Trainee: 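Let me give you the structure first, and then I'll get to my questions.
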Number of protein chains: 2
Amino acid sequence: MDQPHIEYVSGGRGEEQETRERILSAARQLMAQKGYKGATTRKISELAGVNEVTIFRHFKTKVAILEELLKDILEVREQLEQGLQGEFANVKEMLITYARTYYHLLVERKEILMICIVEADNHPEVVKLFSSLPMTAVEVLGNKLTEFQEQGHLPKSDPCTAALMFISTFFYAFMAKYRVGLDVPIIDDEEQLYEHASEILLQGIRRV
Amino acid sequence: MDQPHIEYVSGGRGEEQETRERILSAARQLMAQKGYKGATTRKISELAGVNEVTIFRHFKTKVAILEELLKDILEVREQLEQGLQGEFANVKEMLITYARTYYHLLVERKEILMICIVEADNHPEVVKLFSSLPMTAVEVLGNKLTEFQEQGHLPKSDPCTAALMFISTFFYAFMAKYRVGLDVPIIDDEEQLYEHASEILLQGIRRV
DNA sequence: GGAAAATGAAAGCAATTGCTTGCATGGCTT
DNA sequence: AAGCCATGCAAGCAATTGCTTTCATTTTCC
């Protein structure tokens with residue numbers, strides 16, 4: 001009895017993905033697009049390929065679905081710090097790595113982030129969760145920059161604004177691409193953006 | 001007959017603000033907070049201090065209210081370019097001025113911007129309007145930077161990423177403050193942020 | 001094979017919501 | 001004084017929506 005009935009094909013239908021997961025996935029997609037109110041349980045059930053009543057067998061209320069979805073944001077800080085674990089050849093390498101980590105983190109959670117942005121005012125839990133995110137990223141980078149300064153790899157200065165500018169760049173790119181649906185080359189070529197932004201943050205545009 | 005019945009006190013009540021304006025204002029506020037769907041006509045009427053039926057006497061449908069509100073975004077480009085009209089002592093002054101213009105522009109329209117962000121997926125007109133905004137700001141600044149380069153005040157380089165970073169910073173600050181409700185000193189002291197960000201964009205953090 | 005678990009199908013209910021209709025009221029203009 | 005105009009008030013309607021109940025069916029586990 002080490003492994004009680006985990007892994008079975010969802011009841012009565014020959015599909016692989018668990019019903020519960022399909023519901024969550026559909027809800028995530030719809031809420032991100034249409035907002036919490038716009039994602040009606042009928043629409044969710046349709047997209048999930050499930051009867052509406054099945055939703056309420058898995059989740060007590062509609063809010064419970066939202067709460068379940070929000071759990072994805074919690075371990076952001078650890079992931080960001082983890083991405084900065086190793087040794088770096090120089091500051092620029094560190095910046096590029098951090099940019100990549102952060103941007104991927106945003107893209108991976110794009111639906112939930114959109115839900116947060118859209119529902120920020122309607123659900124207090126969402127605000128609380130979400131508000132921690134933007135500044136966490138700035139903080140973690142700020143700490144790393146300070147570390148580099150103390151090791152003599154960077155001149156001493158207030159790293160806050162620098163971190164803010166760097167993080168902002170990728171958040172903006174993220175929003176432009178995934179929320180507004182903008183399709184501009186400067187944002188589309190991610191690797192180049194990491195590189196250019198790191199260069200500018202270090203050298204400024206006075207010395208190219 | 002030069003001036004037909006403009007200026008009268010709103011029908012039957014001793015208040016200054018026109019009914020129509022009060023409705024628009026209430027709708028703007030609610031839609032920004034709760035989204036289009038969350039801003040019910042009942043709530044709008046309450047906040048406006050007006051009977052619900054009055055709303056439909058002024059606007060044919062609820063969507064018509066939204067469309068009216070969106071008109072505020074149209075003249076953004078002109079305003080941005082206008083803020084860059086005069087002569088500047090140096091590049092840094094130009095950047096600070098542009099940052100101030102852009103940030104104020106965002107704050108002045110914060111409700112409508114929130115509506116756009118929240119409703120981007122539900123209303124095609126909104127997407128169209130809104131999608132033009134972020135890159136307009138980047139473009140205008142990019143052009144100005146190119147101009148400075150051609151005048152020999154800046155070394156030649158691709159100004160796109162620089163402009164993107166600069167604009168991003170203030171958009172992020174704007175979102176953090178007005179959407180998420182964050183209250184951090186680095187964002188709260190606007191003038192200092194303009195100054196620091198301009199400095200970093202020009203010199204980088206390698207030479208402070 | 002048989003019980004239990006999971007799902008589907010149909011119906012519906014109470015609350016909400018965008019919007020309408022009909023009528024009364026009070027101020028403004030002439 | 002008279003008529004117009006903007007508004008308030010009460011009622012309501014059709015559609016939507018979150019959620020429930022009942023019953024039949026299929027799948028999984030032992």
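None of the values given here were measured: they were computed from a predicted structure. All chains are named by letter (A, B, ...) in the order of the sequence lines, taking the proteins before the strands, and each is independently numbered beginning at 1. Side chains included, hydrogens not; waters and symmetry mates left out as well; all remaining heavy atoms used.
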Trainee: Indicate yes or no for a side-chain donor-acceptor contact from B:Lys144 to the backbone of B:Leu84 under 3.5 Å, with no hydrogens or angles considered.
Mentor: yes

Trainee: To the nearest Å, how far apart are B:Glu46 CD and D:dC9 C1'?
Mentor: 15 Å

Trainee: Is the cationic atom of A:Lys62 (NZ for Lys, CZ for Arg) positioned less than 6.0 Å from the six-membered ring centroid of A:Tyr36 and within 45 degrees of its normal?
Mentor: yes

Trainee: Rounded to the Å, how far apart are B:Lys62 NZ and C:dT17 C1'?
Mentor: 8 Å

Trainee: What is the distance, rounded to the nearest whole Å, between atom CD of A:Glu18 and atom P of D:dT27?
Mentor: 16 Å

Trainee: Please give, in whole Å, the distance from D:dA10 C1' to B:Glu52 CD?
Mentor: 12 Å

Trainee: Roughly, in whole Å, what's the span from CZ in A:Arg22 to C1' in C:dG8?
Mentor: 13 Å

Trainee: Would you say D:dG18 has OP1 or OP2 under 4.0 Å from some side-chain N or O of A:Thr41?
Mentor: yes

Trainee: Taking only heavy atoms on the protein side, list every residue of residues 53-61 of chain A lying under 4.0 Å from any atom of DNA chain D, sorted numerically.
Mentor: A:Val53, A:Phe56, A:Arg57, A:Thr61

Trainee: Just checking, any donor-acceptor pair under 3.5 angstrom between side chains of B:Glu119 and B:Asn122?
Mentor: yes

Trainee: Between B:Leu30 (CG) and C:dT17 (P), how many Å, whole number?
Mentor: 12 Å

Trainee: Tell me: NZ of B:Lys34 to C1' of C:dG18, nearest whole Å?
Mentor: 19 Å

Trainee: Would you find a donor on one side and an acceptor on the other, under 3.5 Å apart, between the side chain of A:Ser25 and the backbone of A:Glu21?
Mentor: no

Trainee: In whole angstrom, what separates A:Arg42's CZ from D:dC19's P?
Mentor: 11 Å

Trainee: Does the pair A:Arg28/A:Asp72 count as a salt bridge with the N-to-O cut at 4.0 Å?
Mentor: yes

Trainee: Using a cut-off of strictly less than 4.0 Å, decide whether B:Lys37 has a side-chain nitrogen or oxygen near OP1 or OP2 of D:dT17.
Mentor: yes

Trainee: Does this structure show an ion pair linking B:Arg20 with B:Glu68, if we count only N-O contacts that are shorter than 4.0 Å?
Mentor: yes

Trainee: On DNA chain C, check which nucleotide each of A:Asn51 and B:Thr40 is closest to and give me the residue with the more 5' one.
Mentor: A:Asn51

Trainee: When rounded to the nearest 0.5 angstrom, what distance separates CD1 in B:Ile73 from SG in B:Cys116?
Mentor: 3.5 Å

